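Some notes on the structure that comes next.
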Amino acid sequence: MLLIRCPHCGNRPEIEFHCGGEAHIARPETPSEMTDQHWAEFLYYRTNPKGMHAERWQHRHGCGRWFNALRDTVTDKFAATYEMGSPRPDLAATPAPARTA
Amino acid sequence: MSQPFRRSSGGHIDRTQPITVSFNGKTLHGYRGDTIASMLIASGSHLAGRSFKYHRPRGILSHGSDEPNALLSVDWRPEKGEGRRDPNNRASVVEARSGLKTATQNHWPSLETDIGAVNDLLSPVFVAGFYYKTFMWPRKFWDKVYEPFIRKAAGLGDAPEVPDADRYANRHAHADILVVGAGPAGLSAALAASEDGSKRVILADEGFKLGGALLNDVTSEIDGKPAAVWVEEMVAQLDARENVIVLPRTTVFGYYNHNHIAMVERVADHRDNAPDGLARERLWQVRASKVIIAAGSHERPLVFENNDRPGIMLAESARAFINRYAVLPGKSLVVATCGASAYRTALDAKAAGMDVKIVDIRLGEDCGPELAEARSAGIDVLTGHTVVKALGTKRVTGVVVAPLGNDGSVGTRRTLTCDCVAMSGGWTPSVHLFSQSRGKLAFDASLDAFLPGQSAQEEVSAGACHGIYDLSEIIADGYKAGGSDTSVSATATFTGFQPVRVLPTDADPKKVKAFIDFQNDVTAKDIKLAVREGFESIEHVKRYTTTGMATDQGKTSNMNALGLVAGLLDRPLPAIGTTTFRPPYTPVTFGALVGPSREDRFEPVRTTAIDPWAVANGAEFEPVGQWRRAHYFPKAGEDMHAAVARECKAVRTSVGIFDASTLGKIEVVGPDAAEFMNRIYTNAWAKLKVGGCRYGLMLGENGFVMDDGVVARLAEDRFHVTTTTGGAPRVFQHMEDYLQTEWPDLDVFITSITEQWAAIAVQGPNARKVVEPFVSDIDMSEGAFPHMAVREGFICGVPTRLFRVSFTGETGFEVNVPVDYAEAVWKTLYEEGRKYDITPYGTETMHVLRCEMGFIIVGQETDGTATPDDVGLSGLVSKKKPDFVGMRSLARPDMLLPDRKQLVGILAKDPNEVLEEGAQVVEDPSLPVPVPMIGHVTSSYFSSNCGRSIAMAMIKGGRARIDQTVWVTTPKGFTEATISTSVFHTVQGEKVDA
Amino acid sequence: MRRFSLASLLKESTKGHTGWERQWRAPEPKKEYDVVIVGGGGHGLATAYYLATVHGVTNVAIIEKGWIGGGNTGRNTTIIRSNYLFDESAALYNHAMNLWEGLSQELNYNIMFSQRGVLMLAHNHHDVVTFKRHVYSNKLNGVDNEWLSPEECKAFCPPLTISKDIRYPVMGGALQRKGGTARHDAVAWGYARGADARGVDIIQNCEVTGLQRNPDGSVKAVETTRGTIGARKVGVVAAGHTGVVMGRFGLRMPVESVPLQALVSEPVKPCFPCVVMSNAVHAYISQSDKGELVIGAGTDQYNSYSQQGGIHVTNHTLDAICELFPQFTRMRMLRSWGGIVDVTPDRSPILSKTPIKNLFVNCGWGTGGFKATPGSGHVFAHMLATGEPHEINAPYSLDRFRTGRLIDEAAAAAVSH
């Protein structure tokens, strides 16, 4: 079971959270102007990386807030969690975070 | 004397507490501190089971949880009746206690005489993977003949057949440091880690007595004290520390993500008088900041012909039986080894009075100080010798040994007579938990072992599982892992071995059964066959031969198998691949994993405030999601059909009362509430007046109907939204998601109020008369309070949100009151309603009444693939809004096709025939399979109000098929029906629409 | 290829089985192949087999980054059934079912296809209606499936509890008698041996790292850890790693890879005669020929390539199993493991052309791919050989995500696969 740092509440076990899939896919401003293919890509196509993944989590059974996280999908380790609306942290620009136990 | 092989003194057993255990109907005698294995050995027997495939007689290989052979069925409390027996318990770790009823497995008619042993004679045919090559003809014989035969032959013990009489507990804990294993390394680590009192330390050990290998040790001294004394002092110190939890009988079996550790504590089975209700086992889930793995190591068997005969055991296990349990594994012992540690067994056996010889595959010059010590103790040591085979069947009677020439040739055989053999093929560090933590293993050629390499989580290994075998170094390693540089002086340990995969032999290897995996009967021959057939990855070899896949998960066999494959392919051992270890370390009961989540606590039942009244008034219930809802209220002698017919009539002719509390309720509040509603729902909300209600339809972003419900506008900035019962959490989270992540600019709060407001539906021509007398602060006149309106005021003096809505087509009110008052309000309305013969009704009647009106239920008419137009609700989809959730998807090509399934009515030709919900609809039933289907029945009832059966269906291009004759499947074939519109009933009087 | 038979087995038993040959070779990759299949799982191996046997295309390589059958083929709970609701699904899975029925004989490899019956339990009114819809649809599509009362369920599966007192009492079940299990490893090995014998090169421990394309954009070669391998056509059949491989080819896919866990108990004597699935309580169970109870459940919630999930998922699965079979709480979990399953938005697979000419993809089988192995390989081989979809896999194109013509069994039925 993952240990997830909610930006508002701190470390909590995974069962308090809901995963909302890939982050930073903003809903288009004007969907009706999009082609079917572009709409399909917004709805269904995902990066699904093997490695660092930006994803959405909600502290559903806690504060209820959505936030974003960077997690390595090979090790399942979180590199960062950050508030919704913040840009994806540049990991290369910051020192590696301490290992989360 | 009942314990002829019991030593007169010594051992960690309590001779003041004699015990007896039933074993295959016979009585074994022993003492507290024994295991079943040690009691059996005390009786002079080793025979403890039959092997999986060849049914060969097997003894006791080990003294620990890696035991592959001695597996017993144990009834833990036969005196208490059924439900406490389980199979496959290792005799070597079952803590003996008077009253246990144990039996060996996998034989017929008896352990001593097993017909299945004929398989041993057929073993030239039953090689690895033989079943892939045969049993294919005739084709039908696999299911009917071969497979049942194989299944019956396979398996070990018998599964429990009656429900478990025990219960299980679950506990979560946090620890700064979790120490796995209470041997010399683990005790030192725990002591160091807890030293300053600031850290919470948990020390867990799978054994029932702490000390690990030191319990077997009667010769070592640590800082001048006997090892056993040192252990006692360490344990006493730890026990005295308030920041330390010491857990014996607790197996750490799983190392999961982010240092989430699973362990199982055996709580009750060892207790003589366990109180009723005491949990049998407890699952611990520990989140540890750091884990110190001090799990020790496993000894490897030697691989030679008939190395599985009873009486042949691991050398360290022989030492454990002699010293810890004070039983002699026989009178005459041959120690066969390729390393130093087994010499300690030989010396201790000799000291215990056994006749001892050592056969060492190593040359004398390759041996360490152990050789001289053994010889000076008067032990005959044959160095540079191989063991060709063991003699005897149900008990070893001797070993055939031969000298090895410099060229590896096998010299003249000679026989050493004995009644037990202690073998040592070297040591394998227990890296299971480290591997589970996804750390990378690194091969150390000098130790011939995989050791913990790069860590993936916050853990450190210490002691033997870290590749350290000398006692003083082990203890120093433990202290170091615990954060201290303490060192001790301890007796030097005999260490080092020369790995050997299969002992050299001059016998025809094709005819030799030398076992690698004892339980699964995998021989060196089988491994060779697999490699010959092209299975080169160790995972392929495992799967083809089943080596390492028995209940011991290859703890003793993995390295021998790996080494043999590497040798056959002439590749370095790590190139063959390593096994990835996965939980559990040793098998864990389902009960422990389930814990208390059984029966009532499997998934909690949600009930409404009215539920006690429904129970008292004889309701039949049905599960709806997690809720329990009243299904119908039968009167004496009524079946469901009669009750529902009566309830339906009552609502249309007078008045009914219905508990609608399970409907989801969400309050949407804020200056941007209307805008938010506009984006979430298909309808437009800006023009809905305060006090007005509107039926709202909600789509997923994929354009399919997600939920529906009546929405009331309580104020300019406040909406009271209702959802389906099952959809409430989903809708709430859907709203939260969009609000927080897509439209954070909207100034809106949403709050689930399902649990705060109960809803009582009063429906029927007399509904107003029932409700009105109790209402205050609300103008109840028709003009002031029309259909589809909401008013806030009081009922029975209690605050209410009073909805004028109808899901039945009749005049209706939904009385929302705070749940604490709901039952009282319900009773008041019910009492008043008696004047009009008010009828409580359940979900079935609600379904029939709404179907009569053609109202859909999301989840019944829709199934996650229906658009608003499919269910005839395109009128609710705003054409003016620039966007709402799901709008774009509705414009995709497939959503616009004319042959999509559409909601229609469907009427059976026979008005008394109720079509089956789920039945398929076809145009021409005479066509051959596959018969084209045009749709399916979604709802179907007998309507007492319509005087006939009615149904709804989703039919391809259905709205263009009104009046078309179709055929509907029945259990017996097809029945004729006609497509119709989906409104079946016309309400007299007040006209309402939903 | 040396034929397997009782006679050959007996003959070998007299000489210590020294005469058996390799079941497949370990060849060096050639410079170029007509078809390169990326992924040596059951689906990829079956594709190669049918390319050779049905279409006569034998200049084929299977490139596998680990060992064949080591992904989801060797990690699933081996359930085989075809009682799907929609015409498109019924056609695909029943195609597979028909191939399963003669597969041991066709491959001359006993894959132990055991038609012991798959029973899907209904626990509420919605389940009942949904399963009846399945039963009727299946009957009309010629797919074996029937409705059983709770008592009939109990008779078919005696260990089952049909007490009314449990949290979700059994209200009936849908039984596919033709359904059952097969020995998963043997399926991979049998196809591998059959394909190899017909000239297909199985190249293990070789990872595909990139794609080379011709000036017209079409496929030219795959780059691998063992060099560049020319390819006229490439079929990617990489299951959980499809997204990774296609990413290396510059394409995004509508798939996500999530952990799926399963477990087995210690082996016991036969105590469970069939396969039971229960959607409402999220669990499925059968007993292997070796005697282990084989138990599976739903996926973890997040994307991961770690082949590891949380213990809470295991716990919840066993909660459900022990609710239905309370006698099993004293059984013990012997082994648990995780796979990486590639899940599409409609939980149906993708067997499709791609935006790159001569690059084809077969993925998205989610939690239910094993049962389709022969059918998937058979129709995908058709596609690789002819360049056009077989009529059975035509609906499974990538284009359906654009048009909205999804094949969403789960949404329609709320049934786990």
Side-chain angles (χ1 to χ4, degrees), chain B residues 86-88 124-125 127 132-136 139 143 147 150-151 154-164 254 256 262 510 529 533-534 537 539-540 543 551 582-584 587-591 593-594 597 602-603 623 863-865 892-895 917-920 929-931 933 936 969, chain C residues 4-6 9-10 13 16-17 20 22-24 67 70 104-105 109-110 114-115 124-125 129-130 132-133 136-137 140-142 167-168 185-186 266-271 289-291 310-311 314-315 318-319 322-323 326-337 403-405 408 411-412:
Chain B
D86 43 37
N88 303 348
V125 182
V127 293
Y132 300 129
K133 295 183 170 114
T134 185
F135 299 136
M136 288 180 269
R139 186 162 81 78
D143 288 351
E147 187 182 48
I150 289 175
R151 289 189 69 172
L156 287 166
D158 294 319
E161 282 159 352
V162 298
D164 196 341
Y256 295 89
K510 297 198 289 283
L529 173 62
E533 293 195 87
S537 158
E539 287 292 342
H540 276 159
R543 285 155 183 265
T551 60
R582 301 202 176 273
V588 180
T589 58
F590 290 0
L593 294 165
V594 169
S597 304
F602 168 56
E603 275 185 14
D863 63 5
T865 66
R892 293 182 294 176
D894 196 66
M895 306 299 218
E917 291 177 350
Q920 295 285 339
V929 168
V931 188
M933 288 165 262
H936 67 281
T969 57
Chain C
F4 290 161
S5 68
L6 181 60
L9 184 68
L10 290 174
S13 69
H17 297 270
W20 296 115
R22 291 183 68 102
Q23 296 194 2
W24 56 87
W67 35 282
S104 288
Q105 291 70 32
Y109 208 105
N110 188 358
S114 168
Q115 294 183 289
N124 54 45
H125 180 73
V129 173
T130 301
K132 285 190 174 175
R133 190 178 162 197
Y136 283 124
S137 172
L140 294 174
N141 268 325
R167 178 67 178 90
Y168 296 111
D185 292 326
E266 292 182 329
V268 287
K269 292 292 176 190
C271 66
D289 286 346
K290 212 183 150 198
I311 190 175
T314 305
N315 291 353
L318 290 171
D319 294 351
C322 294
E323 179 69 6
Q327 66 273 38
F328 288 159
T329 52
R330 297 185 85 91
M331 293 288 293
R332 297 187 193 90
M333 173 169 82
L334 171 61
R335 202 163 56 238
S336 68
W337 65 92
T403 64
R405 194 166 195 83
D408 200 336

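Labels below follow one simple rule: chain letters A, B, ... track the order of the sequence lines, proteins then strands, and each chain is numbered from 1. Hydrogens, waters and symmetry mates play no part in the numbers below; they use all other heavy atoms, side chains included. On a predicted model such as this, the values are computed, not experimentally measured, just so you know.
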- Checking heavy atoms, do the side chain of His540(B), its backbone, both or neither come under 4.5 Å from chain C? both

- Note on the structure: Interatomic distance, NZ@Lys269(C) vs CG@Leu156(B), rounded to 0.5 Å, equals 7.0 Å

- Query: Looking at side-chain heavy atoms only, is the closest gap between Met933(B) and Ser137(C) below 4.5 Å?
  - Reply: yes

- Options Asp158(B), Thr134(B), Thr865(B), ranked by heavy-atom pairs under 4.5 Å with chain C, top entry: Thr134(B)

- Taking all non-hydrogen atoms of both residues, which atom of Tyr136(C) and which atom of Gly918(B) are closest, and how far apart? CD1-O, 3.8 Å

- Note on the structure: Most heavy-atom pairs under 4.5 Å with chain C, out of Val125(B), Asp164(B), Ile150(B), Val127(B), belong to Asp164(B)

- Taking the side chain as C-beta and beyond, is there a heavy-atom pair between Arg139(B) and Ser104(C) under 4.5 Å? no

- Task: For chain B, find which of Gly404(C), Gly70(C), Ala186(C), Gly310(C) contributes the most heavy-atom pairs closer than 4.5 angstrom.
- Result: Gly404(C)

- Note on the structure: If one checks every heavy atom of Glu917(B) against chain C at 4.5 Å, the contacting part turns out to be both

- Query: Which bit of Ser537(B) is near chain C, if near means a heavy-atom gap under 4.5 Å: side chain, backbone, both or neither?
  - Reply: side chain

- Message: Restricting to salt bridge (Lys or Arg N to Asp or Glu O under 4.0 Å), what partner residues turn up for Asp86(B), sequence neighbours left out?
- Response: Arg280(B), Arg330(C), Arg332(C)

- Name the member of Cys322(C), Ser5(C), Gly142(C), Ser114(C) that forms the most heavy-atom pairs with chain B at distances under 4.5 Å. Ser114(C)

- Query: Do you know the tightest heavy-atom contact between His17(C) and Leu529(B)?
  - Reply: O-CD1, 3.5 Å

- Query: Looking at Thr314(C), Leu10(C), Asn315(C), which makes the most heavy-atom pairs under 4.5 Å with chain B?
  - Reply: Asn315(C)

- Query: Are any side-chain N or O atoms of Gln105(C) and backbone N or O atoms of Met136(B), one a donor and one an acceptor, separated by less than 3.5 Å?
  - Reply: yes

- Does any heavy atom of chain B fall under 4.5 Å from the side chain of Asp319(C), the backbone, both, or neither of them? both

- Task: Pick one of side chain, backbone, both or neither for Arg335(C), based on which atoms fall under 4.5 Å of a heavy atom in chain B.
- Result: both

- Item | Portion of Asp143(B) that has a non-hydrogen atom of chain C nearer than 4.5 angstrom | side chain

- Note on the structure: Between Asp289(C) and Ala154(B), the two heavy atoms sitting closest are O-CB, 3.3 Å

- Message: Quick check on the interface: out of Lys133(B), Lys510(B), Arg892(B), who has the most heavy-atom pairs with chain C under 4.5 Å?
- Response: Lys133(B)

- Taking every non-hydrogen atom, the tightest pair across Pro930(B) and Asn141(C): CB-OD1, 3.6 Å

- Item | Contact class of Phe602(B) relative to chain C, heavy atoms under 4.5 angstrom | side chain

- Quick one: salt bridge (Lys or Arg N to Asp or Glu O under 4.0 Å) partners of Asp894(B), sequence neighbours excluded? Arg900(B), Arg405(C)

- Task: Can you tell which part of Val162(B) gets under 4.5 Å to a heavy atom of chain C, answering side chain, backbone, both or neither?
- Result: backbone

- Query: Which answer fits Ile311(C), side chain, backbone, both or neither, if we ask what part of it has an atom under 4.5 Å from a heavy atom of chain B?
  - Reply: both

- With respect to chain B, which residue among Pro326(C), Ser13(C), Pro267(C), Gly16(C) yields the maximal number of heavy-atom pairs within a distance under 4.5 Å? Pro267(C)

- Message: Any heavy-atom pair between the side chains of Glu323(C) and Val594(B) that's under 4.5 Å?
- Response: no

- So how far is it from Phe135(B) CZ to Leu9(C) CG, rounded to the nearest 0.5 Å? 8.5 Å

- Task: Consider only side-chain N and O atoms of Glu533(B) and Gln23(C), and report whether a donor and an acceptor are under 3.5 Å apart.
- Result: yes

- Message: Give me the atom names and distance for the closest heavy-atom approach of Cys271(C) to Ala159(B).
- Response: SG-CB, 3.7 Å

- Query: Is a side-chain N or O of Thr403(C) found less than 3.5 angstrom from the main chain of Pro893(B), in a donor-acceptor match?
  - Reply: no

- If you tally heavy-atom pairs under 4.5 Å against chain C, which of Pro87(B), Gly155(B), Pro163(B) wins? Gly155(B)

- Task: Identify the two heavy atoms, one from Gln920(B) and one from Arg133(C), that lie closest to each other, and give their separation to 0.1 Å.
- Result: NE2-O, 3.2 Å

- Apply the test side-chain contact (heavy atoms from CB on, under 4.5 Å) to residues Asp408(C) and Asp863(B): give CA-CA distance (whole Å), side-chain angles for both, the deciding distance (0.1 Å), then the verdict. CA-CA 10 Å; Asp408(C) 200 336; Asp863(B) 63 5; over 6 Å; no

